[in-house]
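These notes are about the structure you will find just below.
Chain identifiers are assigned alphabetically (A, B, ...) following the order of the sequence lines, protein sequences preceding nucleic acid strands; residue numbering begins at 1 within each chain. Given the structure is predicted, the values throughout are model-derived calculations rather than measurements.
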Protein chains: 2
Amino acid sequence: MQIRNGLRPMWWHGRFRGCGYRITAPREAILDVLSKSDKHLSAEDIYIKIHTHYPVIGLTTIYRTLDLLTNIGLIFKFDFGDGRARYELVKGPKGKTHHHHLICTNCNRIIDYTDFIDEEIKLLEQTEKKLLKKYNFKSTNKLIQFYGLCEKCQKMS
Amino acid sequence: MQIRNGLRPMWWHGRFRGCGYRITAPREAILDVLSKSDKHLSAEDIYIKIHTHYPVIGLTTIYRTLDLLTNIGLIFKFDFGDGRARYELVKGPKGKTHHHHLICTNCNRIIDYTDFIDEEIKLLEQTEKKLLKKYNFKSTNKLIQFYGLCEKCQKMS
DNA sequence: CTCTTACTGATAATGATTTTCATTCTTAAT
DNA sequence: ATTAAGAATGAAAATCATTATCAGTAAGAG
Ligand SMILES: [Mn+2]
Ligand SMILES: [Mn+2]
Ligand SMILES: [Zn+2]
Ligand SMILES: [Zn+2]
């Protein structure tokens, strides 16, 4: 397959080894695509990006790998309501982890927003504690999304 | 078809007429099922419930009607990540509108929670305003969900 | 009651994701 | 470096929720 661009271990190799997973060309390629994009890519998006360079890698493997990466917590899987899952590296280049999404219900544009998050996070963590007490529900993830119209789509309506 | 249980106009008839929609037996049946359940029903759930009594109504119509009801704002459509959409009347019997969801990622149980919402809503509305200013994004809906393990599933792990 | 056309349901189509299974490749052990 | 075990892969077929088609039905305005 010969995709490896050098044998230097990448930052995620350790995590993989620790879980008993093998490091393979498709996995390298997929993580590479994800880490070089700031978009919210679907499985097919990734497939197409990789396919131009390495036609060998199949869509099945993309799905399997994305599942794996989601499970070990390296990527987030989102559903923005357009019928296909979208994926995003948990840590962007600068380690910015927490952000939420604005979703235009007209053109499906996704806007990341990281502002005003501190208060949100604080409140949500409080809430999590209360939920644990009252419902015995141990929350591990929280999801916040705003649906509406983006600037462009407001003008057209 | 003859499902109408009486000719008395229901609370939602006005809304329907106003939008130019017709009042039909399948629509009555679907709204009836939804208003008598406190669960989060999928299209098929509803189909099965109705089908025992009125085998005439097809799944296609269920989907179409749920779409319609979602669009005119009578019901909410949710995706809890199990591959099928789930629906819920916007107003419960007592008019309780705002609530969010705890989702067990192990057994898929959904817990409604209405506690601690006031602060949340307040914060979110603040945030909405800020988002409008900064991104010119006009939010119409917000979604909050907590993912984690319910009481039962914590014990088993 | 009649007419227009919104609504319906059977059926087929779609399209994202999963399953299957024979083959290939990673990697730990020799 | 060689080898052996089994994890990972990809082509193809299968799933399965949702949507599109289309000819027939019925709501409801006049
Ligand atoms: Mn994002
Ligand atoms: Mn609910
Ligand atoms: Zn838009
Ligand atoms: Zn559970």
When you measure from the side chain of [X] to the backbone of [Y], do you find a donor-acceptor pair of N or O atoms at a distance under 3.5 Å?
| X | Y | answer |
| --- | --- | --- |
| B/S37 | B/L34 | no |
| A/T140 | B/Y147 | yes |
| A/T105 | A/G148 | yes |
| B/T127 | B/L123 | yes |

Any residue of residues 79-87 of chain A with a heavy atom less than 4.0 Å from an atom of DNA chain C: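 Within this stretch, A/G83, A/R84, A/A85 sit under 4.0 Å of the strand.
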If I take atom [atom1] in residue [X] and atom [atom2] in nucleotide [N], what distance separates them, rounded to the nearest angstrom?
| X | N | atom1 | atom2 | value |
| --- | --- | --- | --- | --- |
| B/K77 | D/dA17 | NZ | P | 14 Å |
| B/Y21 | D/dG28 | OH | P | 14 Å |
| B/Y47 | D/dC16 | OH | P | 17 Å |
| B/I48 | D/dA17 | CD1 | P | 10 Å |
| B/L66 | C/dC7 | CG | P | 15 Å |
| B/L69 | C/dC7 | CG | P | 12 Å |
| A/R27 | C/dT27 | CZ | P | 9 Å |
| A/I72 | D/dA8 | CD1 | P | 11 Å |

Option passing salt bridge (Lys or Arg N to Asp or Glu O under 4.0 Å) with A/K142 (candidates A/E125, A/E120, A/E128):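 With A/K142 as partner, salt bridge (Lys or Arg N to Asp or Glu O under 4.0 Å) holds for just one option, A/E128.
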Looking at the side chain of [X], which of [options] is the nearest nucleotide?
| X | options | result |
| --- | --- | --- |
| B/A43 | C/dT17, D/dT18, C/dG9 | D/dT18 |
| B/R64 | C/dC7, D/dT21, C/dT27 | D/dT21 |
| A/T61 | C/dT27, D/dA27, D/dG10 | D/dG10 |

A/R22 (side chain) and D/dA8 (base): donor-acceptor pair under 3.5 Å: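 Donor-acceptor pair under 3.5 Å: no.
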Quiz item: A/T60 side-chain donor-acceptor pair to D/dA12 base, under 3.5 Å: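 Pair found.
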Geometric class of the B/F76/B/F78 ring pair [parallel <30°, tilted 30-60°, perpendicular >60°]: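 Aromatic pair B/F78/B/F76 classed tilted.
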Check: A/H101 ring centre within less than 6.0 Å of A/F80 ring centre: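 So the answer is yes for these two rings.
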Same apolar cluster: A/I103 and A/M156, side chain cutoff 4.5 Å: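 No, no single cluster joins them.
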Any B/Y63 side-chain nitrogen or oxygen under 4.0 Å from OP1 or OP2 of D/dT18: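 Yes, within the criterion.
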side-chain hydrogen bond (donor to acceptor under 3.5 Å, both in side chains) assessment of B/E88 paired with B/H40: CA-CA 6 Å; B/E88 189 179 23; B/H40 303 84; 3.2 Å; yes
Five-pair end axes of the helix from C/dC1-D/dG30 to C/dT30-D/dA1, angle between them (10°):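 Computed from the C1' atoms at both ends, the axes differ by 40°.
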